[in-house]
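In what follows, a structure is listed as structure tokens, so that the remarks can point back to it.
We name chains A, B, ... by the order of the sequence lines, and we start the count at 1 in each one.
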Amino acid sequence: MSTVTASTSSGAGGLRSVGAEAGPSVRVQGVCQSFDRMGPPVLDGVDLTVAPGEFLCLLGASGCGKSTLLNLLAGLAEPTAGTVDVAADRPSLMFQEPALLPWLTAGGNVELALKPRGMRRAQRREESARLLRLVNLEGQSGKRPHELSGGMRQRVALARALAQDSPVLLMDEPFAALDAITRDVLHEELVRVWSTQRLTVVFVTHNVREAVRLAQRVVLMSSRPGRIVREWAVELSQPRAIESPGVGALATEITTELHREISRHAR
Amino acid sequence: MSTVTASTSSGAGGLRSVGAEAGPSVRVQGVCQSFDRMGPPVLDGVDLTVAPGEFLCLLGASGCGKSTLLNLLAGLAEPTAGTVDVAADRPSLMFQEPALLPWLTAGGNVELALKPRGMRRAQRREESARLLRLVNLEGQSGKRPHELSGGMRQRVALARALAQDSPVLLMDEPFAALDAITRDVLHEELVRVWSTQRLTVVFVTHNVREAVRLAQRVVLMSSRPGRIVREWAVELSQPRAIESPGVGALATEITTELHREISRHAR
Amino acid sequence: MPGESSTPVRLPAGHVETHTGQQQGRATPGRSVEAGLDALDTASVARPRRRPWHVLVHSVLPPVVFLAALVGVWQLVHAAGLKPSYALPSPTDVATTFWETVTDGRAAEAIWTSVSRGGVGFALSLVIGTLLGLAMWASTWLRAAIGPIVSGLQSLPSVAWVPAAIIWFQLTDAAIYTVVLLGAVPSIANGLLTGFKQVPPLFDRVGRVLGLGGLGRIRLVLLPAALPGYLGGLRQGWAFAWRSLMAAELITYSPSLGQGLGQLLNIGRELSQMSLVITSITLILLVGVAIELLVFAPLERGVLRRRGLTVDR
Amino acid sequence: MPGESSTPVRLPAGHVETHTGQQQGRATPGRSVEAGLDALDTASVARPRRRPWHVLVHSVLPPVVFLAALVGVWQLVHAAGLKPSYALPSPTDVATTFWETVTDGRAAEAIWTSVSRGGVGFALSLVIGTLLGLAMWASTWLRAAIGPIVSGLQSLPSVAWVPAAIIWFQLTDAAIYTVVLLGAVPSIANGLLTGFKQVPPLFDRVGRVLGLGGLGRIRLVLLPAALPGYLGGLRQGWAFAWRSLMAAELITYSPSLGQGLGQLLNIGRELSQMSLVITSITLILLVGVAIELLVFAPLERGVLRRRGLTVDR
Amino acid sequence: GSDDDTAAASTDGGVADEVRLGYFANVTHAAALIGVEQGYFADELGDGTTLSTQVFNAGPDEVEALFAGALDAAYIGPSPTINAYGQSNGDAIRIIAGAASGGAQLVVREGIDSPDDLRGTTLASPQLGNTQDVALRTWLTEQGLENSVEGGGDVTIAPTPNSDIPNLFQSGELDGAWVPEPYASALVLDAGGTVLVNEKDLWPDGQFVTTHLIVRTEFLEQYPETVDALLRAHVESVEFATDDPEGAKAAVNAALGEAGGRELAGPVLDRAWSELTVTYDPIATALARSAENGVAAGTTEEEVDLEGIYDLRPLNAVLSDQGLDPVTSEGLGEE
Ligand SMILES: Nc1ncnc2c1ncn2[C@@H]1O[C@H](COP(=O)(O)OP(=O)(O)OP(=O)(O)O)[C@@H](O)[C@H]1O
Ligand SMILES: Nc1ncnc2c1ncn2[C@@H]1O[C@H](COP(=O)(O)OP(=O)(O)OP(=O)(O)O)[C@@H](O)[C@H]1O
Ligand SMILES: [Mg+2]
Ligand SMILES: [Mg+2]
């Protein structure tokens, strides 16, 4: 299904040309997902709409279904019920694990994402070097995944996701393995790329401050079953510092709510 | 080497009986490690001593050699130069990735760590259920790794590490994939287990607040080459709240230093 | 500060990609090229239990259609007279011979003789091959000493062993088993080694960190990790065992040893009786297919499913 | 607030485990049981380049010792007179025959004939088997239709094909290649399929997320991911090809086809000349070992090393 | 089969507990087939000795089994016999009787009427260096047609297993074949071939050896009484075959079926039978000449010294007991 090209009637118009006024970038309606017939569904009636160019952060307890939802958005699975619409030929997804191909070098992994874009060899090499520089991995492009540290692998995966140049970017805890400083740098880069290229970003994280630092909207999911339970619009202006009081205040509020939500369900 | 049983002269005395007064639990002296003869060494003259029962947090930029150092402590690799002494038959190590065995269920993975302890089957089952309950995974013991979320896998790995019941516990970013609430709960559990069982813990994290929340001593590593550059003794009393001002203040100090350290080397 | 900013907006048709739970998009024309590949991709999503007609259409029909086509082509070639009928008998001739062979009990006897020999030989090879593989894994010295020879042995034709086997074991079942063992053991040992070599080193390190000794690591970590590759080795090992058995059966026939499929085939050849040759080939093939379907395919499916490797594709 | 709390303390001997960079702990007695296993474990750590005598001791010596032991046992058995010397010739007899065969050029001719046939046959099988494997992977229907039959074909002895091949292609090289193809193609196709099945589904999903089409995913993701398993399949495929070739050569002899190793073996058997039989077996084995050492072992080592799978154990 | 090398010695030394007899499921081994089918062997061996039979597909396999001590006596063709004798330096085996003679022909496709027509053709023989192969090469050379083991010359000789010859002949791949019975008859009757040369015509008295009865030397020395019993049964079979051809043919066909083979079609069996002579005479002259021819034809490197290959004393004793004429070894062994 990942290669579905517009299954609805009139097949006109490039998919990339979806403007802000054209409709939401992502629309999830009444989506349910269960993995075994016996247990409770993992997702149960999720409704979510993301406007083009919006930066959305998804929060929720561990195991509540965030990755499952991203998989559905990326078209890697079919929902058991409900519909998922994504206004992109192929949304780019950064998996929770780095998911690098072990037989390719760091550079090779990034270049692989450039191939479907029809780039020539030399151009690919150049672009992948630029992206690796962006994620602070200059000069590491010849290393194979098993020779990289955990955080370095995650950064290669980030570079690969950016290489796809898709208007919709789905990210599953992309900065979990990075030190505070590197992460700060990448936060800045991500915000820059997002605003200049008008990307639609769905960003999963466990770091509430990070969510507030980045997002225009923060969405909280409940667990067992996974549903959208709360939303916050973040009206702070960019750039925001992650340790700023404004971010801290909203983060505290969200954490409290998260705490309440989790204590209601989890145990 | 991992199964070396005291290669030095007098083979008397149980290894587990090393008391606080007996000497350091971990001693690293002038350790160098390089992976290829050409490039600069990853670790270059690392000296580190950890007292029995001490809780030490290791901070450092992504790729500075923290995991490499833990591997050396766990006896999974030999240093290119220098000596590594660990006062434990077999230190328990939680890898940066969950490293679960895919053909075993969550429970089976935990039970595997109980086998070398000579437990009977029924006892193993019981103990693994207890540990999974500890990490908030009650009732998930029959699931296989590929059916678990990222955070759940990490928690199974934590349960497995605890199952080993070794006096030395090495942890490589164990809570990176967990939501704030679950992590708080596990922080408490870890501190409880550590203080009741007088464990020696070496804990790698990128979350400076987490480090201050948990550690007695925080150690900062430089990168390229990896060396110990700064230490802080944390004199706050346990239990500490991760969002408490005391933790925040020290965390800010450490972050500043980390920032300085990283800007000196990284770029 | 919190506020619901998600006002539903109409989606312009044709500009969005839709995935629905009803999978109705699947049949859209133009996708059929990729459908074959894509239909296999969605593993681990709950799906309705396969109904009987589904099994029929997807598992039983294809081989039947294929076989029917094969027989059809054969009949056509026969009818066209490209080859004289003693060289290429007609399907009906073969069916008659086949039926005779089955009804007069020779088929059952031959199958039983061969399969029981093959089973015993393979079981022995399994034990010896696995032990040899383990020993070669554990000892670098042994691996250096006999590794290339074991691989070389794999490429020695079974007939090469026949004289040696006869010299040592005379015309007994032992000689036949020797030939079978020499055919299958290297393949199984090599399969195990190949499986071991592909085990991610992380698993072995996990075993060491958990305090498992060398043997414990092999038993609890390495062997299960290498299982998929090892199964592949077993499958090939069976093929070697079975083929070696056929070669061994060609040497001699003795009432006391019973008449196996290999001998049946040889009789067909000796008598230049193509329909008997084809009948024997069909019987040998049937046994091979049955072993595959009853033993290896379910084993493999079980192993792969247990570790979340895609089976449904 | 910061303070150095790390005062070095004397470590009590015997209570700590020591890893040193000099690896001097390795030779400690009492560890020898595990040493074999452990010595293999420390992959990916820089080590000094192997010196020539090291290569000699660890790679050349073991097989030489093993072969010497084998010849020694053989000589003993011969000297003990358990078997008459026409049944079990002495090592010297065989050495003489071997030397004659080599010096009069028959060995070189036979090896060249067989290896060139084997090479061509295997190259063909490689192409056909890979394409067949890919087709079976891509189409569920095809897999259901011919999957079990392909597996069954693997267990059909090559001799079964000889009459059919001769009828269709007469006594030409084509008949020989047919037999070789029928032996090797199923094995290669199955090896590829097995390799594909073991590819972690994550890799395929990565390919899909990156926007690669079905063919792109196969070429850029699936094939490289399955490479280690596929290589195993090729190795077995070669074994099948080579054994089938020997079978074909044993049966078809024609001056126009040249004389291969299989025919040499057959002549030995026809003339009841055990020393020629053993010479041919040795030659066949040598070729097998050479192919393993020159082709498959380096290939496998390269593939495994590139993806950080432990090679040094 | 049996577990021990040499059939365990019984008390009186002359009688074996078991005798392991090998033969082919082929009409040229008619003596063996009849003897087993009619129970002659079992009767003569008596209760003290068990008969176990092994059916082989090829001479070399049979020789290997003899060498290995897995077989005590065997019906076998002359060329494997000579090889076995030569390779063991005259140790391993002895010929104790003949079993069949004649029955080999050069059958060619239509249109070949004289040796000259053979120029440029491909002819088959059953096996490189076997009796028919040597005969074919010798005859071609006598006719002035060049041929060689390596190929080339006026006629190409393609050694091909008997069983594959009819198909190849019919498909036009072969122009002819020098084959033994029943393949010659099958070629003539089923494949439309014509006989260009009948090997009979090339030998004095039309007699040349096709099948022998041989035993392991050790067995012969250890169990003379058992060997006598074997020979008595063998002579009985031969007598039956000559006295009652119809009964013999039926017995052969039945035995073929029982030995795992298929019965021959009536006409083929009739023709084969008429070409073949079942006899206990080993026809020693022919064996010697056949060995010489082998060297001349280039299929044997050095001539095997046949001196001592025969031990016909037991056979002659049996024959004289029954009032039959003795046979001769032509100086190649004991009589
Ligand atoms: N293939 C599968 N088979 C069965 N259950 C699954 C499968 N994949 C996910 N689940 C279950 O679905 C639930 C949600 O998983 P998911 O990975 O979406 O969580 P998550 O929100 O991403 O958690 P985390 O923050 O820990 O990554 C979990 O309870 C998990 O056990
Ligand atoms: N097997 C290897 N071969 C070559 N280089 C390696 C290997 N393992 C690690 N390295 C290099 O060593 C350095 C340190 O790696 P390490 O995994 O110890 O970092 P880390 O401090 O754990 O980083 P992170 O916080 O990102 O996990 C990295 O630059 C990495 O590229
Ligand atoms: Mg997740
Ligand atoms: Mg690390």
Practice task
Sort A:Glu97 into side chain, backbone, both or neither according to what part of it lies under 4.5 angstrom from a heavy atom of chain D.
Solution key: side chain

Problem - Residue part contacting chain D, namely of A:Leu170, when any heavy atom lies under 4.5 Å - result: neither

Let me confirm one number: the [atom1]-[atom2] distance from [X] to [Y], rounded to the nearest 0.5 Å.
| X | Y | atom1 | atom2 | result |
| --- | --- | --- | --- | --- |
| D:Arg205 | A:Leu93 | CZ | CG | 8.5 Å |
| D:Leu210 | A:Gln164 | CG | CD | 5.0 Å |
| D:Leu227 | A:Trp103 | CG | CH2 | 9.5 Å |
| D:Leu220 | A:Leu101 | CG | CG | 9.5 Å |

Practice task
Search all heavy atoms of A:Pro116 against all heavy atoms of D:Gly211 and return the closest pair with its distance.
Solution key: CB-O, 3.7 Å

Exercise for the section: Decide side chain to side chain contact (heavy atoms under 4.5 Å, CB included) for D:Val209 and A:Met94; before the verdict, give the C-alpha distance in whole Å, the side-chain angles of both, and the deciding distance to 0.1 Å. Expected result: CA-CA 9 Å; D:Val209 159; A:Met94 202 181 144; over 6 Å; no

Handout entry: Heavy atoms from other residues, nucleotides or ligands near CD of A:Glu126 exceed 12 (cutoff 6.0 Å)
Key = no

